[in-house]
Asks: 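Take this structure, written in structure tokens, and hold onto it; I'll ask about it next.
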Amino acid sequence: MIIVLKPDATKDDLKRIVERLESLGLKAHISKGKFRTIIGAVGDEAILQGEPLEVMPGVEKVLPILKPFKLVSREFKSEPTVIRVNGLKIGSKKVHVIAGPCAVENKEMIVEIAKYVKKAGATILRGGAFKPRTSPYSFQGLGVEGLKYLREAKRLTGMPVITEVMDPRDIEDVCEYADIVQIGARNMQNFRLLKEIGLTKMPVMLKRGLSATIQEWLMSAEYIVSQGNNNVILCERGIRTFETATRNTLDLSAIPVVKQLSHLPIFVDPSHGVGRWDLIEPMTMAAIAAGADGVMVEVHNQPEKALCDGPQALKPDRFLELMKAIKKIAKVVGRDL
Ligand code: PEP
Ligand code: MN
């Protein structure tokens with residue numbers, strides 16, 4: 001349920017409405033827009049039947065939210081959400097490029113790649129320390145040691161870092177070292193993990209599940225936001241289809257669909273979307289043309305020796321070419337880089 005307040009509603013009006021909702025066992029999420037305040041009443045809405053909230057002072061109207069996702073919906077908040085990360089504004093006019101290796105393999109490589117991608121224009125460094133691998137015999141990531149190397153790369157370049165958390169038991173460590181935590185495709189519906197991340201205020205990048213519908217994906221975002229953490233960035237990374245020419249099928253239509261349904265920023269990860277370095281540039285261009293707020297690209301200084309996802313990693317010089325292409329397309333669609 002959305003409770004739209006009158007433009008002249010007072011602080012006391014707001015307080016009384018919130019108290020009323022809470023006494024009914026509902027959570028009140030307040031969204032202060034430019035012109036008026038909206039309260040999202042979340043919980044079992046049946047409780048509100050026969051509750052004449054409309055007559056409370058300060059209330060203009062009470063509307064149902066028809067979608068199953070509430071707080072992340074455009075109905076609840078029409079203006080796009082901008083998430084601040086170390087002085088960067090994610091979801092603003094500027095397109096952000098997250099770049100780095102699939103996994104942090106050692107200190108030297110992450111520092112070298114970080115320096116390179118920063119120079120080329122990337123604004124956020126990626127690198128996995130806890131890796132979700134299909135085989136238990138594959139490299140699983142360096143864990144906390146990897147997080148420390150990311151911090152060192154951040155110290156030397158000034159770039160904020162994003163890294164994945166797979167287990168609620170690692171949240172404390174990951175939040176200590178990361179600026180954005182990533183929830184990977186395989187954990188999109190790990191509801192315990194989503195709730196725990198929701199209890200922090202950390203910016204979160206929530207990747208779309210391997211076979212998730214857009215509605216399921218937004219419901220997962222709702223899990224995080226309903227716990228009080230509004231800092232959610234969505235990331236389209238390809239879905240399973242019958243097609244085998246690419247690792248996944250990058251669903252670029254998800255960008256305008258999500259933009260219609262939700263106020264959250266959306267990124268695209270073409271690397272996992274296609275799984276082939278030679279397709280990264282055209283898919284990145286298409287993603288930005290379709291309205292993505294940024295992209296996340298895997299870059300490795302020696303892809304042929306990478307411990308994880310070498311075939312989709314760009315070499316540094318190709319990343320530089322990609323940045324030039326992004327600059328051109330961003331300008332065409334009225335975005336900055
Ligand atoms: C990753 O970004 O390193 C990753 C594992 O991606 P995904 O969860 O999308 O497969
Ligand atoms: Mn990867």
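When a ligand or atom number is given, it counts from 1 through the structure's own listing order.
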Asks: Quick one: look up the protein heavy atom nearest atom 6 (O) of ligand 1 and list residue, atom name and how far away it is.
Replies: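 Looking only at protein heavy atoms, the one closest to atom 6 (O) of ligand 1 is Lys207 NZ, 2.9 Å.
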
Asks: Using a strict threshold of under 4.0 Å (side-chain N to carboxylate O), is an ion pair present between Glu19 and Lys15?
Replies: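 Looking at Glu19 together with Lys15, the answer is yes, because their closest N to O distance falls below 4.0 Å.
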
Asks: Could you list the atoms of ligand 1 found under 4.0 angstrom from a heavy atom of Arg126?
Replies: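 Reading through ligand 1 atom by atom, the close ones are 1 (C), 2 (O), 3 (O).
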
Asks: Could you walk me through whether His272 and Lys207 pass the side-chain contact (heavy atoms from CB on, under 4.5 Å) test, one step at a time?
Replies: CA-CA 11 Å; His272 293 88; Lys207 296 188 102 181; 3.8 Å; yes

Asks: In terms of side-chain geometry, is the basic nitrogen of Asp309 or Arg247 positioned less than 4.0 Å from the acidic oxygen of its partner?
Replies: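 Between Arg247 and Asp309 there is a salt bridge, with a charged N closer than 4.0 Å to a carboxylate O.
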
Asks: Polar-atom distance check: Ala185 versus ligand 1, any N or O pair below 3.5 Å?
Replies: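 By distance alone, the answer is yes.
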
Asks: Which of the numbered atoms in ligand 1 are under 4.0 angstrom from any heavy atom belonging to Arg237?
Replies: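 Under 4.0 Å from Arg237, ligand 1 has these atoms: 7 (P), 9 (O), 10 (O).
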
Asks: Should the pair Lys148-Glu145 be classified as a salt bridge under the 4.0 Å nitrogen-to-oxygen rule?
Replies: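 A salt bridge is absent here (no side-chain N lies under 4.0 Å from a carboxylate O).
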
Asks: Does the pair Asp278/Arg276 count as a salt bridge with the N-to-O cut at 4.0 Å?
Replies: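 Salt bridge present between Asp278 and Arg276.
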
Asks: Would you check whether Arg208 reaches within less than 4.0 Å of ligand 1, judged by its heavy atoms?
Replies: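 False for this residue.
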
Asks: Tell me whether Cys102 has at least one N, O or S atom under 2.8 Å from the Mn ion (ligand 2).
Replies: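 Looking at Cys102, which is the residue asked about, there is an N, O or S atom under 2.8 Å from the Mn ion (ligand 2).
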
Asks: Can you find an N or O of Glu164 that's nearer than 3.5 Å to an N or O of ligand 1?
Replies: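 No; the residue has no nitrogen or oxygen that sits under 3.5 Å from a nitrogen or oxygen of the ligand.
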
Asks: The Mn ion (ligand 2) is nearest to which N, O or S atom of Glu298?
Replies: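 Result for Glu298 and the Mn ion (ligand 2): OE2.
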
Asks: Provide the atom name of the closest N, O or S atom of Asp309 relative to the Mn ion (ligand 2).
Replies: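 In Asp309, the heteroatom (N, O or S) nearest the Mn ion (ligand 2) is OD2.
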
Asks: I need the contact type for Pro132 against ligand 1. Using non-hydrogen atoms and a strict under-4.0 Å cut-off, is it side chain, backbone, both or neither?
Replies: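 It is the side chain that touches ligand 1; the backbone stays farther off.
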
Asks: State plainly whether the residues Lys6 and Asp13 are in salt-bridge range, i.e. N to O under 4.0 Å.
Replies: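 The answer is no: the pair does not qualify as a salt bridge.
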
Asks: With a cut-off of 4.0 Å, which atoms of ligand 1 are near a heavy atom of Gly184?
Replies: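 Atoms satisfying the 4.0 Å criterion: 8 (O).
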
Asks: Could Glu298 and Arg126 be called an ion pair, given the rule that one side-chain N must be under 4.0 Å from one carboxylate O?
Replies: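 Yes.
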
Asks: Does this structure show an ion pair linking Arg20 with Glu51, if we count only N-O contacts that are shorter than 4.0 Å?
Replies: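 Yes.
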
Asks: What protein heavy atom lies closest to atom 4 (C) of ligand 1? Include the residue and the distance to one decimal.
Replies: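 Sorting protein heavy atoms by distance from atom 4 (C) of ligand 1 puts His272 NE2, 3.5 Å first.
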
